[in-house]
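These notes concern the structure reproduced below.
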Protein chains: 2
Amino acid sequence: MAKSNPPFMSGVPELLLLRLLDNREMYGYELVRSIKEATGEAISLGEGVIYPVLHSLERTGSLQARRKPVGGRTRVYYSLTKQGRGRLRDLQDDWRRIQSGIETALESPGHA
Amino acid sequence: MAKSNPPFMSGVPELLLLRLLDNREMYGYELVRSIKEATGEAISLGEGVIYPVLHSLERTGSLQARRKPVGGRTRVYYSLTKQGRGRLRDLQDDWRRIQSGIETALESPGHA
DNA sequence: AACCATACCTCGAACTAAAAGGTATAACAA
DNA sequence: TTGTTATACCTTTTAGTTCGAGGTATGGTT
């Protein structure tokens, strides 16, 4: 019972998070809105997606968390580790590969 | 308990199938190899993905099936219906939207 | 006091894709 | 003739992701 590979396009939420955090550290609630904004409303990922991914990225060493109290509330700021930057490059490459694969398929012979 | 929307990038296998069938009618086994080829090996979808999607597209009226005996075996050829061509346009638009959304996010301020 | 926005989090249901298995014919090689 | 490989269809099982709704808590606004 060989372990099944992840679905071929499942790295996108992870990619978007890492890309945003490559600019500056941010906290979860902020990232939820930033993704929507940065993609021009094209993609909207809820908290139920973001938080688990952040935790998983922290567990696997791509992100580093820092709790920071701000006006009575506590925010958890995330920043990229060195490993995280490598992971970002990998995911970016994966994305370009499949993106251009699809592009090729869509453009072939008979386009409208 | 409202029904959950489909995942934000789930239309791709369907899109690729419809796009290939917009050129000419093809059968399932052929489509499996064609997708791999047309995407420059970037995407490889197995029969366990292709056949169910074909059946679903036929059920919902986007595809039309025609059984055709060829050299002792029987092939099921699929072709686009008018509705299928509309569906193809919609999925293409969806794809462009999210593709350029991601593009935008990846390009923003500090690219390498 | 009621309400909304912020800010964190988790869980269950729904859905998708991956992999493997199942049937059957034809063609080729040992 | 037996075995293997390729064609061609299909389903089922399993694994993984995403969605949506929920739950807690603080602070500001009406």
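Throughout, protein chains are lettered first and strands after them, A, B, ... in sequence-line order, and every chain is numbered starting at 1. Scope of the values below: all heavy atoms of this structure, side chains included, with no hydrogens, waters or symmetry mates.
Rounded to an integer number of Å, the gap from CZ of Arg75(A) to C1' of dC9(C) is 17 Å. The nearest whole Å value for the distance from the CG atom in Leu45(B) to the P atom in dT16(C) is 14 Å. Rounding to whole angstrom units, CD1 of residue Ile50(B) and C1' of dA18(C) are separated by 12 Å. The OH-P distance, from Tyr51(A) to dC19(D), rounds to 16 Å in whole Å. Met26(B) has its CE atom 15 Å from the C1' atom of dT7(D), to the nearest Å. The CG atom of Leu16(A) sits 11 Å away from the P atom of dT18(D) (whole-angstrom rounding). Taking atom CD on Glu14(A) and atom C1' on dG16(D), their separation rounds to 14 Å, with Å as the unit. Taking atom CG of residue Leu31(A) and atom C1' of nucleotide dC9(C), one finds them 15 Å apart after rounding to whole Å.
Judged by distance alone, the side chain of Arg19(B) and the main-chain N or O of Leu106(A) form a donor-acceptor pair under 3.5 Å. Glu14(B) places no side-chain N or O within 3.5 Å of a backbone atom of Gly11(B) that could act as its donor or acceptor partner. Formation of a donor-acceptor pair under 3.5 Å by the Thr81(A) side chain with backbone atoms of Ser62(A) is found in this model. The closest donor-acceptor contact from the side chain of Ser56(B) to the backbone of Pro52(B) lies at 3.5 Å or more, if one exists at all.
Along DNA chain C, the nucleotide nearest Arg67(A) and the nucleotide nearest Val53(B) are compared for position; the residue whose nucleotide lies closer to the 5' end is Arg67(A). Of the two residues contacting DNA chain D, namely Pro7(B) and Tyr77(B), the nearest-nucleotide position lying further toward the 5' end is that of Tyr77(B).
For Ser10(B), the listed nucleotide lying nearest its side chain is dT16(C); candidates were dT11(D), dC19(D), dT16(C).
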Please step through side-chain contact (heavy atoms from CB on, under 4.5 Å) for the pair Leu88(B) and Leu21(B), ending with a clear verdict.
CA-CA 10 Å; Leu88(B) 171 56; Leu21(B) 292 173; over 6 Å; no
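For the OP1/OP2 pair of dC8(C) and a distance below 4.0 Å, the side-chain nitrogens and oxygens of Tyr27(A) include no atom meeting the criterion. Close to dT7(D), at under 4.0 Å from its OP1 or OP2, lies a side-chain N or O of Tyr29(B). Taking side-chain N and O atoms only, His55(A) has no distance below 4.0 Å to OP1 or OP2 of dC8(C). For the pair Asn5(A) and dA19(C), the criterion of a side-chain N or O lying under 4.0 Å from OP1 or OP2 is met.
Residue contacts shown for Glu47(B) include a base, since a base heavy atom lies under 4.0 Å away. At the heavy-atom level, Arg33(A) lies under 4.0 Å from the strands shown only through sugar-phosphate atoms. Gly48(B) comes within 4.0 angstrom of a nucleotide base, judged by non-hydrogen atoms across all strands. Contacts of Arg73(B) with the nucleic acid, taken as non-hydrogen atoms under 4.0 Å apart, include base atoms. Among the atoms of the strands shown, none is found under 4.0 Å from any heavy atom of Val70(B).
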